[in-house]
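What follows is a set of notes on a single structure, which appears directly below.
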Amino acid sequence: MTAVDVRVAALAFDGVSYRYPGAGLSLEDVSFAVEPGELVLLAGASGSGKSTLLRAACGLVPHFHGGTFAGRVQCGGLDTREHGPAKLAAVVGTLFQDPETQVIMGTVRAELAFPLENLGWSAPAVARGVEEAALALGLGGLLDRPTHELSGGELQRVALAAALAGRPRLLLLDEPTSQLDPVAGDELLGVLRRLNEEWGTAIVLAEHRLERCLPAADRVIELRAGRVVADEDPRTWLARTRATPVAKLFALAGLPGAPVTVKEARRELPQLPAAPAPHEPRRLSRRERRDAPLAVEDVWVELRDGPAVLRGATLHAFAGERIALMGRNGAGKSTLLKAIAGLIAPTRGKIRAGSVALLTQHPGDHLMHETIGADLPDSEFAERHPRDVSGGERQRSALQLVLDARADTLLLDEPTRGMDPARRDALAARLCERAGVVVVATHDAEFAAAFATRVVLLGDGRPVADATPAEVLAGGWYFATQVARVLGGAGGALTPEQGAEVLK
Amino acid sequence: MSPLHATRAAVGGGWCLALAAVPLCSQHPAVLIAVLAIEAIAALAAGLGRELRRTAAWGVPFAVVVVVINALVTRDGATVVLRGPSLPWPGQIDITLEGIAYGGVLGLRILAIFGTAVFLTAAVDPDELLRSLRRVSLRSGVTAALAMRLFGVLRRDAHRLADAQRCLPGGRASRLAIMRAVTAGALDRATDIAATLEVRGFGSGVRPPRMHRPWSRHDYAFAASALALLAIAIGVLAGAWGQFDAYPRLSAPITPATVIAIAALFVCALLPFADRRGIVR
């Protein structure tokens, strides 16, 4: 543990153990301290205790959740045993995983003003704080929008702005980029970095997408089963764990070191030929189009009093094809999946699909019975109520339900959100074994590279690129794997294994 | 957007309550029909036609039930239109024209009041209203904030759950099952929102500051309209615009005063919607 004076530390845990009511230990003898201005990345598999640790730091554990708490947490010099979350809100801003339940007020402006009013700021200070938080997160144009009209990504930015508005000394973030496309995710991390560097805000960030966050981190704290198993600088931690694609690439290629950034990795490598430009997709014959088990033909979805989300989308897929549907937030990925599943009626065009199973963005919605066993008799959680298991366990159960469905076409909407890399790889392997058509909407280029035979990039409501993963993801800027960015798309390598082959 | 949307919440809310005061005070069918017509026109002007139709979809059946119940239970009225059986407890069941008419008046009043609720919920900024409430009573404010936010969250949950059940081949759940699941999930949702309120510092007990905002043309227009509507409602109470009596015989004379009151209602309630300058923020 880094030696930090807990009286000046932004956050200090001292021998903290905690169990939720009626559950096992979620945190066990956790001790560490975060200095002012430090950016700490919290790593660990699903269920390792990251979210509980963040909840303990903001005082929700134990004040709000109850349970058994031992040890001491000091947040901005305030002992969480003596000060509840409302008092701690003056020094700590918190952002959880689900933006839907983190936005309370009806408009963005009121949402940003709410925490400032609770801090007792004067009216002019509140107005100024709202404007500044909105500018920092690029929400200027959304200030008077009703919050119920915002997308998941926009809601996440609003929730973050509300957490930041009071200029807290410490910011606690639980997977803040999980709802965001790569561009928005990078922008958000840029904002966090600026806050950290210019305002000196200490940040504790729990994330699974480590390759994205490691370059900005000063330290990595790794949790396993509620215990701190590592607390070291990112370089040392990465060299030991090889937890990012580039670190794996260097290990497989027999290269020394474990670069943290793409720039650093590129410096170590020779100049390689650039990625080939994607080919024009082959035009299908009329017969091929007719025989395709999944046919989306010139489909428009035009919302009443709203935009046209899909604008003449056309997609044909054949048995054995595994398609990664990618694109920025709001590009129409979820709408296209819902239209294929028959949940949304296209305003123009036609869709032909056999039996379809869709996993929506809220996997818990698929488990509606009293026990998980009612849907999944063989599940290890068969006797338990869906709400009595963790979010990750619920997500896996819902995924299992959809994967088990006898359907010609399997549609998954952001199935890897909040999933740790090991489970993500297991899901990719399972999809590769599946017959029929698989279409997965995802922001996760690493996942797409692991399972897809074809990548369709949506833009302006229709496919703007449709080719093999190597063609689309190797030459991309944002929609590219980390290995592809390091190698500049050479050889169409996307994964560490493919990259190592190219380097050899 | 409409001028009503652009009006400050206190004035917008006051206008909705003033409009609701008219059907609350009046039983005259002509006045009630006028209020409903005003609401339909105002809803179109405010882009709330869909919301009004949605409310009517369950409000009209509710009003019909009120008419039927009143016709069955009332013992008043001189004009028997249907002579029913004599039952042990309620006695002779007679359906009278006056009973049906009075039920109709009750139904119209209910619909008119539901109509004003549409404007209150869809066109008046709830945050501003809650803020005002929080200044007066902090804990009531948080309860209302939680309830208002939760209502929307649960409605979207129900929609999503219903969709999710249709996502598997042959899958579909009954409305009852969805309702049960949403109700069961309400506690979880409320807990999540309450946790957010905590980390945003709500429990610190600080009252929000008074925000100074200049009065816009729409604030003035709707405030004047609300005062005029209240004056008309008071006139109704005083019996100045014509009386309605259901029993023992129907009496709903349309006097010149009634016509003037109805015309004044239309002008006072709808005029503020005509000025559409500066309605987008």
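To find a chain, count down the sequence lines: A is the first, B the second, and so on, and within it residues start at 1.
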Practice task
Answer with side chain, backbone, both or neither: which region of A/Thr107 has an atom nearer than 4.5 Å to a non-hydrogen atom of chain B?
Solution key: both
Problem - Residue part contacting chain B, namely of A/Val402, when any heavy atom lies under 4.5 Å - result: both
Exercise for the section: With a 4.5 angstrom heavy-atom cut-off, could you sort out which part of B/Glu198 is near chain A: side chain, backbone, both or neither? Expected result: both
Problem - chain B contact via A/His366 - which portion, at a heavy-atom distance below 4.5 Å - result: both
Practice task
Identify which of A/Leu60, A/Leu143, A/Leu411 forms the greatest number of heavy-atom pairs closer than 4.5 Å to chain B.
Solution key: A/Leu60
Problem - A/Phe96 six-ring centre to A/Arg55 NZ/CZ under 6.0 Å and within 45° of normal - result: yes
Problem - Side chain / backbone / both / neither for A/Ala125 at chain B, heavy atoms under 4.5 Å - result: neither
Practice task
May I ask you to say whether A/Glu370 pairs ionically with A/Arg384, meaning some side-chain N is under 4.0 Å from a carboxylate O?
Solution key: no
Practice task
Give every residue pair that meets the salt bridge (charged side-chain N to carboxylate O under 4.0 Å, His left out) criterion with at least one member in residues 265-280 of chain B, sequence neighbours excluded.
Solution key: B/Arg217-B/Asp275, B/Asp275-B/Arg277
Problem - Residues which pass salt bridge (Lys or Arg N to Asp or Glu O under 4.0 Å) with B/Arg160, listed by chain and number, not counting sequence neighbours - result: A/Asp365, B/Asp157
Problem - side-chain contact (heavy atoms from CB on, under 4.5 Å) between A/Leu376 and A/Ser397, worked out - result: CA-CA 8 Å; A/Leu376 293 165; A/Ser397 300; 4.0 Å; yes
Handout entry: A/Cys75 versus A/Val91, closest heavy-atom pair with distance
Key = O-CG2, 3.8 Å
Practice task
Test side-chain hydrogen bond (donor to acceptor under 3.5 Å, both in side chains) on A/Thr147 and A/Glu111 and set out the steps.
Solution key: CA-CA 8 Å; A/Thr147 48; A/Glu111 187 64 34; 5.8 Å; no
Handout entry: Distance-only side-chain donor-acceptor flag, A/Thr360 / A/Asp413, under 3.5 Å
Key = no
Exercise for the section: Can you tell which part of B/Ala184 gets under 4.5 Å to a heavy atom of chain A, answering side chain, backbone, both or neither? Expected result: both
Handout entry: Under 4.5 Å from a heavy atom of chain B, the part of A/Leu88 involved
Key = neither
Handout entry: Which atoms of B/Arg50 approach chain A - backbone, side chain, both or neither, heavy atom under 4.5 Å
Key = side chain
Handout entry: Portion of A/Ala159 that has a non-hydrogen atom of chain B nearer than 4.5 angstrom
Key = both
Problem - Pick from A/Leu116, A/Leu172, A/Val356 with the largest number of heavy-atom pairs that fall under 4.5 Å of chain B - result: A/Val356
Handout entry: Among A/Ala405, A/Gly354, A/Ala341, A/Ala162, residue most engaged with chain B (heavy-atom pairs, under 4.5 Å)
Key = A/Ala162
